[in-house]
Structures are given as C-alpha cells and as structure tokens.
Novice: 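Just dropping this structure here.
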Amino acid sequence: REHIDAVKNAKNGNVYTDTSGYLSGLNRIIEIAVEEIGSEKLLFGTDTYSHAFQYSRIAFADINERDKENILYNNAKRLFPNCFAEL
C-alpha cells in the first residue's frame, strides 16, 4: 500500500509505480491501485523469474480493458516515446 500512497501524495503528480514485487500478489491490490490512483499511474513491471505471474495479475484483474492496456503498454509508450519509435 505504501507505493499507492506515494503516488497519491506526490506534490507534482509525477510519481508512478509498477506492478513488480510480491505485493502484486496480494488480493485485489491491482484493482485497488486502479481505483485509488488510476491506471495512468501504473506501469507493468516484473522483478522475478515469473513474468507470466505478473502479466496474469493484470490480464485477469477485475478492471476494464482500457486500464489493462494502460498498465501493459500505453503508459510506457506515453512516458518513454523514444523506446517505441519506428526504426
């Protein structure tokens, strides 16, 4: 919950969090984060050997498709556009 609170309490609105870590396995933590800070502040991430677990937490979360797309792709593309530039 500390990561959600950090985003909520950011004075300039420029703090984001990702989905990595064991906390993402907590019941409804992804859904709670979307409810409290919005999917625009969440980035897909994994710091474990089990990227499938992290992906599944988003893919099967009780959130709408737009929120899933934001977390899995859109937010990274918006924040790091040069990483998505055409070659």
Novice: Quick check for you: to the nearest 0.5 Å, what is the distance between Phe53 atom CZ and Thr19 atom OG1?
Specialist: 9.5 Å
Novice: Is it the case that over 12 heavy atoms from other parts of the model lie below 6.0 angstrom from the CG atom of Asp62?
Specialist: no
Novice: Please report the closest heavy-atom contact between Ser39 and Asn70, naming both atoms and the distance.
Specialist: OG-ND2, 2.9 Å
Novice: Using a strict 4.0 Å threshold on nitrogen-to-oxygen distance, state whether Glu69 and Lys77 make a salt bridge.
Specialist: no
Novice: Would Ile63 end up clustered with Ile32 when hydrophobic side chains under 4.5 Å apart are linked, directly or stepwise?
Specialist: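 Yes, Ile63 and Ile32 fall within the same hydrophobic cluster.
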Novice: Say you draw a straight line from OG1 of Thr17 to CD1 of Ile71; how long is it, rounded to the nearest 0.5 Å?
Specialist: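 Those atoms lie 11.0 Å apart.
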Novice: With side chains defined as the heavy atoms from C-beta onward, is the minimum distance between Glu35 and Arg28 less than 4.5 Å?
Specialist: yes
Novice: Heavy-atom distance under 4.5 Å between the side chains of Asn75 and Tyr16, does that happen here?
Specialist: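 Side chain of Asn75 against side chain of Tyr16, heavy atoms only: no contact under 4.5 Å found.
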Novice: Would you compute the distance between atom CZ of Phe44 and atom NZ of Lys68 and round it to the nearest 0.5 angstrom?
Specialist: 13.5 Å
Novice: Is there a path of hydrophobic side-chain contacts, each under 4.5 Å between heavy atoms of I, L, V, M, F, W or Y residues, that connects Leu43 with Val15?
Specialist: no
Novice: Hydrophobic cluster membership, with links at side-chain heavy-atom distances under 4.5 Å among I/L/V/M/F/W/Y: are Val34 and Leu79 in one?
Specialist: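 Each belongs to a different hydrophobic cluster.
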Novice: Could you measure the distance from the CG atom of Leu42 to the CG atom of Asn74? Nearest 0.5 Å is fine.
Specialist: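 The CG atom of Leu42 sits 12.5 Å away from the CG atom of Asn74.
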Novice: Quick one: CD1 on Ile58 to CG on Asp67, what's the gap to the nearest 0.5 Å?
Specialist: 10.0 Å
Novice: Taking atom CG of Asn9 and atom CD1 of Ile4, what is their separation to the nearest 0.5 Å?
Specialist: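 These two atoms lie 11.5 Å from each other.
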Novice: Please check this pair: side chain of Lys41 against backbone of Ala33, looking for a donor-acceptor N/O pair closer than 3.5 Å.
Specialist: no
Novice: Is any side-chain heavy atom of Ile29 closer than 4.5 Å to a side-chain heavy atom of Arg57?
Specialist: yes
